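Below you'll find the structure, written out as structure tokens, and then a few comments.
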Amino acid sequence: MKKFFSIYIYTTIITIALLALWFYITNFTGWLSPIIFPSPEIVVMAFFKALIELFQGFVSSMKLLVPSFVLALILGIGGGLFFGLHPKSRKILTPFFNAFSPLPLTLFIPYAIALLPTFELASIFILFLAAFWPIFLGTIQGVLLVDNHFWDNAKTIGLQQKDLILKVIIPASSPFILSGTGTALNLSFLILMTAEMFGAKSGMGYFIQFYTDFTQYDYVLAGLIFNSIVILLVMFTFEKIKKRILFWTNLKNEAN
Amino acid sequence: MAKVLDRVYTVKEEMINVRNKIEAKSIAFDYDGVEILKNIDLTIKEGEFVVFMGPSGSGKSTLLRLLTGLAQPKKGEILVNGHSIAKSLPDSAVVFQDYSLFPWLTAEENIILALKQKLKKSKTKQELEHLAQSYLLLVQLGHAFKKYPGEMSGGMRQRAAIARALSLGSDLMFMDEPFGALDPVTRIQLQDLILQVNYEQQRTIAFVTHDAEEAIILADRIVIFSPGPPGSLVETINVPFPKPRNRKKLIESLEFIELRNYILDIMNKGIFEKLEQGHEIRSAGEGI
């Protein structure tokens, strides 16, 4: 905890300063409309009143995000390894990868809604697409950039198939796989919130849209803060996991 | 020099009855259209310690790579134990300069990974672990079973790499400047270790270095490359000192110093010729 504060002392100071500024402007000036910009104490009250509702929204959102992200991880890494290791197939399909990966996901929404029976399935499909491409392309790049030394080394000890992939190729390409996964995580939240603001019946994005329609901006801001905290915690956890997996890139030499 | 040459002949005669471990026949190799090696003919006998010497760019490491089967020659054929290695890698162990270990595995895990391939599924996890530890103990890394390469010094890493090579149990070892980045003391310790492996276990070793003293101390035979590209073999020297060798006596002896100077002369001659060639081309270019 002490270490946490020594690292984030300035972050904490800036946060408190922003809150104080917000408190000052909303309470002691007439610069902002009190309806759209309620003061922090009102937002805090709304936050605690809506806490259960916010958590329900969180659970509902995770029901969309988790399956789609897990699917994207499996197919992204699996597919990335396959195309990374098979130059011929990769060359044939690369034009498709290049054509489809940058398409805005909103283009797929009409098809997803038309073809899939429920809003949940359509959302999972769109979220899957959002997370898939960065992981898939990151994995391909990672495999292609595996250091020749590692290949030589693996060949000289006769590594094959399972051990070659699990003990050499995946660890060696993990920096790129994880960087793709981070992008995918960011993008997933973005798409999730946007998708839930249209058509959903629950969720973190839905909460904000619902109270916007009733111009209850104290709840809107409470929702925004809640969502930010969730994203912050998820990204923080992800960074921890990433650091753990990539521990070998940052070891201290005994001799130094 | 006459004395040295006399001994060369006796050493040669002793070797006639020994089987050939490696035969490389008229090897040529190109990379990106640049000729790296040409006309290499080389035979390595069973149990022999052969050192490749030459300046950078002479293709000595490339030849070693070809012998390990990691790259294929453009022309010629390489036989190990009488079989061509064009289709499958020969049974051998390789120690690289500084990347023989995977940085995400501990010393022990690195060796277990290699052992697992070698022994297929005949051993349990515990037996493999025990075996890996015994090889690490052999190279005095008893305290570093669970250390990652990133936590070890260069010398420790090379010890672990040698332990892994030994654990593979092959009687053929390739070493590409394995001690090039080490401090003098560690270097001597590891040279002695590898000499012992060669002498006591009769393992055949092909070893690349550009250090003349290291070459003489280790080798039965030194193969000198011309400065490339393209590199070719300019001279083969049979080292006339019987094994096991006493390092201290050896490096103080007159024969050792003569041989070292002889090798350095050949190397320098090649380098000067190369430089003069370059100079001629430059001055001709300036004349136009």
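The model shown is predicted, which means the values in this text are computed figures rather than measured ones. We name chains A, B, ... by the order of the sequence lines, and we start the count at 1 in each one.
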Original post:
Is A:Leu159 close to B:Lys116 at the side-chain level, that is, under 4.5 Å between some pair of heavy atoms?
Top reply: no
Subject >> Main-chain N/O of B:Tyr99 paired with A:Asn153 side-chain donor or acceptor, under 3.5 Å >> reply: yes
What side-chain donor-acceptor pairs closer than 3.5 Å can you find for residues 67-91 of chain A, not counting sequence neighbours?
{"residue": "A:Ser68", "atom": "OG", "partner": "A:Leu64", "partner atom": "O", "Å": "2.8"}
{"residue": "A:Ser68", "atom": "OG", "partner": "A:Leu65", "partner atom": "O", "Å": "2.9"}
{"residue": "A:His86", "atom": "ND1", "partner": "A:Phe82", "partner atom": "O", "Å": "2.7"}
{"residue": "A:Arg90", "atom": "NH1", "partner": "A:Phe83", "partner atom": "O", "Å": "2.9"}
{"residue": "A:Arg90", "atom": "NH1", "partner": "A:Gly84", "partner atom": "O", "Å": "3.0"}

Subject >> From CG (B:Leu113) to CG (A:Asp163), nearest 0.5 Å >> reply: 5.5 Å
**OP:** Identify the two heavy atoms, one from B:Pro103 and one from A:Phe150, that lie closest to each other, and give their separation to 0.1 Å.
**Re:** CD-CE2, 3.6 Å
Original post:
Within the distance-only criterion (no hydrogens, no angle test), does the side chain of B:Trp104 pair as donor or acceptor with the backbone N or O of A:Lys167 below 3.5 angstrom?
Top reply: yes
Original post:
Where on B:Leu101 is there a heavy atom nearer than 4.5 Å to chain A: the side chain, the backbone, both, or neither?
Top reply: backbone
Original post:
How long is the gap from OG on B:Ser92 to CD1 on A:Ile157, to the nearest 0.5 Å?
Top reply: 12.0 Å
Subject >> Atom NZ of A:Lys63: over 12 foreign heavy atoms under 6.0 Å >> reply: no
Subject >> Those residues of residues 63-78 of chain B, ordered by number, that approach chain A below 4.5 Å (heavy atom to heavy atom) >> reply: B:Arg65, B:Leu70
Original post:
Strictly under 6.0 Å, is that where the ring centroids of A:Phe247 and B:Tyr148 end up?
Top reply: yes
Subject >> Residue B:Lys118 versus chain A: region with a heavy atom under 4.5 Å >> reply: neither
